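What follows is a single structure, written as structure tokens, with notes after it.
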Amino acid sequence: MANGSDRFLNRELSWLEFNRRVLEEAIDQSVPLLERLKFLSITSTNLDEFFMVRVGGLQQLLNEGKRLFDPAGLTTREQLLEISRRTHQLVSEQCACFTQDIEPRLAEAGIRRLVPEQIGPEYAEYLERLFEREIYPILTPRAVEVTDFPLLTGLGLDLLVQLNPPTARSRKSRFAVVTLPKRLSRFITVPVNQEGYDYTLLEDVVSMFREKLFPGEFISECVPFRITRNADLLIREDLAGDLLSQMREVLDARKRSGCVRLEVGRNISPTSLSFLKQALQVNDDQIYEIHGPLDLAAYRELAGRAGFEKLKYEPWPPQPSPLVAPGESMFEAIARRDILLFHPYQSFEPVVRLLEQAADDPDVLAIKQILYRTSGNSPIVAALGRAAAKGKHVTVVVELKARFDEARNIDWAQALEQSGVQIIYGLRGLKVHAKICVVVRREPSGIRRYMHFGTGNYNEVTARLYCDVSLMTCNEDFGADATQFFNTITAYSQPIKYQRIEAAPLGLRARLLALIESEAQRCKEGQQGHIMAKLNSLVDADIIEALYRASHQGVRIQLNVRGICCLRPGVPKLSENIEVVSIVDRFLEHSRILYFHHGGEPLVFISSADWMPRNLDRRVELLVPVEDPTSQNRLISILRTTFHDNVKARQLLPDGRHERLRPSTPAKAARSQQIFFDEAREVAKQAQKDRYQTFVPQRPAAPPSVS
């Protein structure tokens with residue numbers, strides 16, 4: 001094995017550890033029941049993407065015969081074998097969590113799944129009528145052979161039907177496939193219990209009446225299965241000039257790519273399993289027999305069902321920012337002072353309001369924005385289109401390579417283009433992942449630029465679910481940097497040194513390394529060194545080695561890494577001064593916040609970038625300093641609070657496992673997300689109280705002058 005296993009954790013196995021932490025929330029009895037179901041569905045969704053992208057990419061490398069070592073010293077084959085071993089165990093735990101724990105508790109609470117054997121004659125008649133009217137007309141059974149297997153959609157749900165041989169002398173079974181349309185709900189209501197909710201699954205209803213699909217045939221087996229296709233397909237941007245058409249080709253190619261995982265019902269016969277194995281060309285390591293329903297990701301729909309609020313978290317509605325009055329002009333609010341918003345505890349509405357007011361304000365001349373992911377019916381996209389229709393100069397950089405959002409981005413980008421918006425379809429060879437918006441406005445004092453920088457996407461829906469930070473400012477230095485940044489990525493202008501911000505792939509990596517080295521040097525000179533960072537992932541080997549060197553010099557390093565972390569903390573003479581925690585709670589931890597002690601004059605940043613090679617070398621990202629003292633102190637407080645969490649935090653151990661932290665007494669319990677919401681609510685209440693207690697007399701207008 002290559003060197004490195006003593007210094008780095010494997011990226012893929014670290015990700016599986018993260019998904020296990022999500023599964024722990026599904027297992028946790030203190031979490032409300034439907035929230036546990038939601039966490040369980042998230043683990044399934046996470047695995048879907050993991051197989052499509054990471055496992056698909058590794059299998060492609062293996063098929064190409066490339067013998068490569070990862071930084072932890074594992075070959076591609078070794079990684080795939082260990083991924084298979086751990087994932088089979090994880091899937092087994094998922095199934096047990098659902099069938100042995102969550103599902104029985106749901107039934108006790110009035111949400112009951114009925115299997116065909118539990119459905120009486122009267123309700124079977126109801127389901128038969130439903131099948132004939134609404135399901136049967138849509139289905140299209142297809143006869144299949146090993147050598148002529150249909151092109152099935154990845155992550156779809158299909159039924160494999162085994163038919164008896166056509167004659168007594170024939171011994172060869174015949175097979176057919178029935179694809180279950182995604183347009184149909186997976187959950188079919190059975191009107192048995194008026195006080196609760198009884199349902200059966202779509203695949204069970206189709207199986208109950210399968211003879212109607214194959215009249216005159218004897219069906220020996222009908223079993224669900226699900227395939228996952230490789231989605232790690234690259235665009236050869238060096239060979240073509242039309243990125244839009246290439247993106248469409250990649251989306252089409254995903255439908256035909258190889259199968260990287262086969263999930264089957266546990267009762268599948270050896271004959272049917274052998275048929276699928278040959279038809280899909282998968283090996284035993286790629287086959288997952290599911291003890292329970294397939295595709296637990298679909299249960300997110302059931303977890304959100306109305307009428308069972310007692311089985312969910314208490315509402316934590318986003319609170320208004322005390323820095324923005326209701327209905328106030330965002331230009332006046334930002335001109336007054338920098339505004340820092342902490343989502344989802346504070347509302348994303350001021351960001352939406354800025355764009356909507358910019359669209360309608362006659363003094364706004366231009367809007368420039370980067371869009372990576374948006375909501376399905378985005379008010380921001382609508383505002384940009386309206387602004388262009390009103391004659392404003394609107395430029396939007398759309399990232400077509402935002403994985404799994406490519407088709408949606410193509411659709412709304414073309415609609416914006418029709419409205420008169422100048423669309424830049426990404427950059428050749430790079431993903432544009434920065435979160436920035438610039439509004440240029442004519443004012444009595446001259447042209448002023450209003451900026452929004454963020455750690456999350458311009459998506460008002462996920463802003464209620466993800467922890468992110470927004471910074472809104474009209475600082476002139478930031479305005480000059482923002483303008484230069486857009487000119488650099490939309491034209492042929494040569495990059496120049498920015499006054500405040502830093503951007504990848506040019507200077508961000510070097511800046512981070514310099515900041516870490518500066519703390520190490522201060523410690524070497526006898527000063528205090530302290531680094532705090534909140535990230536989604538830490539993978540980059542150069543950054544990790546710099547942190548090891550800083551730890552060796554005595555710098556105290558506290559890292560909050562939600563997902564992948566390839567650094568080994570707490571190793572004597574290597575990382576004994578490094579602490580890594582991960583928080584998994586009701587909101588997705590997504591913000592990137594950095595703190596460097598800097599000799600007592602703190603440097604604080606927000607960023608769109610994680611510390612990964614792809615972010616630092618192959619993406620356009622931003623590192624934005626936060627210089628307003630109040631905003632700085634707020635971000636430092638956020639970091640410190642996350643490191644005091646002893647309810648939802650897990651500490652990373654040197655061997656890659658995570659150990660859940662526990663309060664010494666109930667009175668000392670500190671759940672950071674609860675603290676943040678309580679703080680936001682109290683601040684909002686106080687701001688509202690202050691507004692009502694401040695009376696401003698309305699004076700009569702001065703009489704007109706007499707000339």
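Being a predicted model, the structure only gives us computed values, none of them experimental. Reckoned from all heavy atoms, side chains included, excluding hydrogens, waters and symmetry mates.
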Q: Report yes if some heavy atom in the side chain of Val31 is under 4.5 Å from a heavy atom in the side chain of Lys648; otherwise report no.
A: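 The answer is yes; the side chains approach within 4.5 Å.
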Q.
Going by the rule ring-ring contact (aromatic ring centres under 6.0 Å, His included), which residues pair with Phe50 if we only count those two or more places apart in sequence or in a different chain?
A. Trp15
Q: State which residues pass ring-ring contact (aromatic ring centres under 6.0 Å, His included) with Tyr450; sequence neighbours excluded, sorted by chain then number.
A: Phe331
Q) Can a cation-pi geometry be assigned to Lys435 and Tyr372, taking NZ or CZ under 6.0 Å from the six-membered ring centre and within 45° of the ring axis? A) yes
Q: Go through the side-chain N and O atoms of Gln29 and Asp101 and say whether any donor and acceptor fall under 3.5 Å apart.
A: yes
Q) Taking atom types as modelled, is there a side-chain donor on Thr473 or Asp338 under 3.5 Å from an acceptor on the other? A) yes
Q. Aromatic ring centroids of Tyr595 and His530 under 6.0 Å?
A. yes
Q | Side-chain donor/acceptor of Ser607 to backbone N/O of Leu622, under 3.5 Å | A |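 Yes; judged by distance alone, with no hydrogens or angles, the pair exists.
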Q.
Tell me every residue that passes salt bridge (charged side-chain N to carboxylate O under 4.0 Å, His left out) with Arg562, counting only those two or more places apart in sequence or in another chain.
A.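 With neighbours one apart ignored, the set is empty.
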**Q.** side-chain contact (heavy atoms from CB on, under 4.5 Å) partners for Ser631, two or more places apart
**A.**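 Scan of Ser631 (side-chain contact (heavy atoms from CB on, under 4.5 Å), adjacent residues dropped) gives Arg337, Leu340, Val626, Asp628.
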Q | Listed once per pair and sorted, the side-chain hydrogen bond (donor to acceptor under 3.5 Å, both in side chains) pairs that draw on residues 303-326, sequence neighbours left out | A | none
Q: Check side-chain hydrogen bond (donor to acceptor under 3.5 Å, both in side chains) between Gln632 and all other residues, then give those that pass, not counting sequence neighbours.
A: none
